[in-house]
Protein chains: 2
Amino acid sequence: MRSMTVPAGYAAVSASERRFLPPAVAVSTVAFALQPPAEARIGDPATGESRPWAQAAAAGDDAVTLWIPLVRRTRPPFADCWALPGGPIPWDETLVDTALRTLRAAVRRAPGYLEQLYSFGAVERSADAQRLVTIAYWALYGEDELAGAAEPVAAMADPGASDDPHPAAGDPGSDPNVAWFSADRLPPLAFDHAEIVAYALSRLRLKTEYSAVAHRFLGETFTLAQLRAVTEAIRGHAVDPANFRRQSLAQGYLIDTGETQTGARHRPARLYRFRLRTEHPNEGIAS
Amino acid sequence: MRSMTVPAGYAAVSASERRFLPPAVAVSTVAFALQPPAEARIGDPATGESRPWAQAAAAGDDAVTLWIPLVRRTRPPFADCWALPGGPIPWDETLVDTALRTLRAAVRRAPGYLEQLYSFGAVERSADAQRLVTIAYWALYGEDELAGAAEPVAAMADPGASDDPHPAAGDPGSDPNVAWFSADRLPPLAFDHAEIVAYALSRLRLKTEYSAVAHRFLGETFTLAQLRAVTEAIRGHAVDPANFRRQSLAQGYLIDTGETQTGARHRPARLYRFRLRTEHPNEGIAS
DNA sequence: GCAAAAGTGTTACAGGTACACCCATGC
DNA sequence: GCATGGGTGTACCTGTAACACTTTTGC
């Protein structure tokens with residue numbers, strides 16, 4: 001069992017001359033999902049250890065907490081510390097493509113949504129090391145994105161945290177350096193990634209207030225009860241089913257598929273599909 | 001008269017090996033004001049020429065359009081092109097401090113508000129040159145900020161656009177390389193700064209919908225008519241005075257100073273002061 | 001007095017909330 | 001039948017838009 005030491009931080013880097021290098025730029029992504037994928041490992045926030053998740057509930061659809069994938073760093077600074085998926089920006093790749101590539105390398109799936117969050121570049125982040133500017137993104141994984149098999153590792157770019165690439169080791173599905181954590185029970189994070197996660201969480205909640213993002217956690221078709229459960233999980237309080245129905249339908253973004261969901265011991269619920277619409281410029285995955 | 005040539009762009013840079021350097025990071029700021037400062041130069045969007053602004057209306061308070069300060073680049077790429085105030089990030093300076101310093105170097109005043117906007121890093125920005133990532137800020141100058149005398153140039157950092165510093169020349173108040181332009185009549189801009197300005201404008205309008213930023217264009221005390229005029233200028237449509245009064249006062253952010261504004265040929269208007277409140281984290285000038 | 005803008009009152013409407021009630025299914 | 005959640009109807013509350021009206025100044 002790997003012991004979880006105090007983060008080594010920048011003090012471990014004996015390269016004070018790095019202070020005079022230009023700032024390094026990296027992309028980091030906070031990804032949210034209602035459930036880790038089937039083959040994923042889950043992390044223990046106390047020990048920092050990760051183990052495979054023997055998924056018990058197969059059809060259970062209890063949307064309760066949010067999960068976030070993290071990557072364990074293998075090099076200083078912050079070696080052995082968990083960090084957000086990300087990495088440096090190659091010269092021929094857009095910011096959003098870097099976020100996508102590094103996220104896919106860690107989760108081995110493409111997210112259902114991706115949007116720029118904020119850029120962090122405080123000075124204290126880099127007391128002794130090279131200055132690091134982090135452009136943070138946030139992403140969502142829906143049921144559909146997590147349902148299929150994981151992508152092969154192949155010649156994929158490394159999921160290494162932030163600015164410190166390392167070769168991805170291990171066979172698909174059991175990389176001990178990638179694990180999912182419950183959003184409210186995270187281990188100590190490298191750099192200022194804890195601050196980034198907190199900011200992403202507040203933005204996610206804010207966004208569900210005036211925008212329609214809850215559906216992205218679900219599959220292509222869903223019942224209004226499922227959509228409401230997701231909304232309640234994010235907002236943190238109960239929502240009146242009757243009013244939620246009317247307001248959701250009045251928005252015009254939900255399309256009745258005509259199909260219904262059977263099997264439950266009550267009246268079958270109608271299945272809806274979300275209507276594709278053009279996103280705001282500089283937002284969404286097509287940024 | 002300096003002729004306005006087609007932007008030289010990156011083609012003028014014969015350094016294709018720059019492609020393999022790490023991305024450069026710069027901060028650029030879109031600053032808004034209702035009026036250029038008294039000693040400022042105004043720019044002609046057609047010729048690119050700037051000339052001192054003999055301010056005619058002294059007490060005129062007609063809030064009609066928004067003004068933006070720009071800096072003329074003196075070096076390639078985009079030499080002779082106008083660009084947003086900004087510059088590279090020193091290793092010991094936070095992002096917001098870099099934005100503040102470069103903005104003060106150009107406007108020679110501190111803004112009344114400053115907030116991060118978005119980070120731009122598309123690949124096509126840097127076809128032949130070094131990759132450039134721009135972290136954009138937007139700022140507001142109120143009456144008070146622009147009222148006093150300009151700060152001395154001193155040992156101030158250079159206002160040079162984006163990633164290409166150059167020594168600031170000229171005496172205070174007549175630097176021909178800094179000029180204010182009307183926000184809807186801008187000259188061709190360097191890099192993708194036109195896109196950044198457009199995004200900043202849309203965010204400014206959006207922000208006045210659900211937030212209180214209009215007051216930052218004004219001095220410490222103001223009448224409701226002034227605040228309404230600013231709101232109308234930003235929103236682009238008329239607002240009912242009676243309803244605006246009630247809604248503004250109901251917010252609880254306005255404090256009646258007890259004083260009134262005399263001199264106009266109608267009933268004197270009460271003067272209000274804006275109530276200081278804690279801003280959202282990662283927003284505002286104290287980011 | 002007259003014009004102009006400050007400031008108040010009132011009504012109508014739209015959207016959200018709360019909650020009573022009916023409907024359709026599994027057991 | 002009965003429990004359970006899907007789905008509908010409706011009264012109430014609140015914030016906003018529209019606009020008539022009064023008040024107070026300068027000329």
Side-chain angles (χ1 to χ4, degrees), chain A residues 59-64 205-206 208-212 214-215 218-219 221-273, chain B residues 59-64 205-206 208-212 214-215 218-219 221-273:
Chain A
D61 280 339
D62 280 324
V64 277
R205 296 207 168 92
L206 204 72
T208 51
E209 300 277 337
Y210 61 93
S211 178
H215 73 100
L218 301 169
T221 64
F222 46 84
T223 68
L224 284 176
Q226 289 175 317
L227 189 65
R228 181 171 50 86
V230 174
T231 303
E232 287 176 343
I234 298 174
R235 296 235 264 257
H237 61 84
V239 174
D240 185 282
N243 297 326
F244 182 79
R245 156 175 302 275
R246 265 185 301 263
Q247 291 159 14
S248 301
L249 294 178
Q251 298 288 74
Y253 295 133
L254 296 183
I255 300 173
D256 191 339
T257 63
E259 300 167 6
T260 54
Q261 183 197 51
T262 79
R265 61 194 225 273
H266 54 75
R267 175 172 172 176
R270 275 204 272 262
L271 286 170
Y272 293 89
R273 182 189 317 277
Chain B
D61 279 340
D62 279 323
V64 276
R205 295 208 168 91
L206 202 72
T208 52
E209 300 277 337
Y210 62 91
S211 178
H215 73 98
L218 301 169
T221 64
F222 46 84
T223 68
L224 284 176
Q226 290 175 316
L227 189 64
R228 181 172 50 85
V230 174
T231 303
E232 288 176 343
I234 298 173
R235 296 235 264 258
H237 61 84
V239 174
D240 184 279
N243 296 327
F244 182 79
R245 157 175 300 276
R246 264 186 301 263
Q247 291 158 15
S248 300
L249 294 178
Q251 298 288 74
Y253 294 133
L254 297 183
I255 300 173
D256 191 339
T257 63
E259 301 166 6
T260 54
Q261 184 197 51
T262 80
R265 61 192 227 276
H266 54 75
R267 174 173 173 176
R270 275 204 273 261
L271 286 170
Y272 293 89
R273 181 192 317 277

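Each chain gets a letter, A, B and so on, in the order the sequences are listed, and its residues count up from 1.
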Contact letters for nucleotides 18-27 of chain D, in which S counts primed atoms plus P, OP1 and OP2 and B counts the base, heavy atoms under 4.0 Å: BB---BBBS-
Nearest non-hydrogen partners of A/E232 and A/H237, listed with the distance: CG-O, 3.3 Å
Span of DNA chain C, from the first to the last nucleotide whose atoms fall under 4.0 Å of chain A heavy atoms: C/dG16 to C/dG26
Shortest non-hydrogen contact from B/L271 toward B/T257: O-OG1, 2.7 Å
Minimum-distance pair of heavy atoms, taken over all atoms of B/L224 and B/F244: O-CE2, 3.7 Å
Whole-Å distance separating the CZ atom of A/R270 from the C1' atom of D/dG5: 14 Å
Heavy-atom closest contact (A/R205 atom, A/I234 atom, distance): NE-O, 3.0 Å
Distance, rounded to the nearest Å, where A/L227 contributes CG and D/dG6 contributes P: 12 Å
Taking every non-hydrogen atom, the tightest pair across A/V230 and A/A214: CG1-O, 3.6 Å
Sub-4.5 Å side-chain heavy-atom contact between A/Q261 and A/Q226: yes
Taking every non-hydrogen atom, the tightest pair across A/H215 and A/F222: CB-CZ, 4.0 Å
Student check: side-chain heavy atoms of A/L227 and A/L254 closer than 4.5 Å: yes
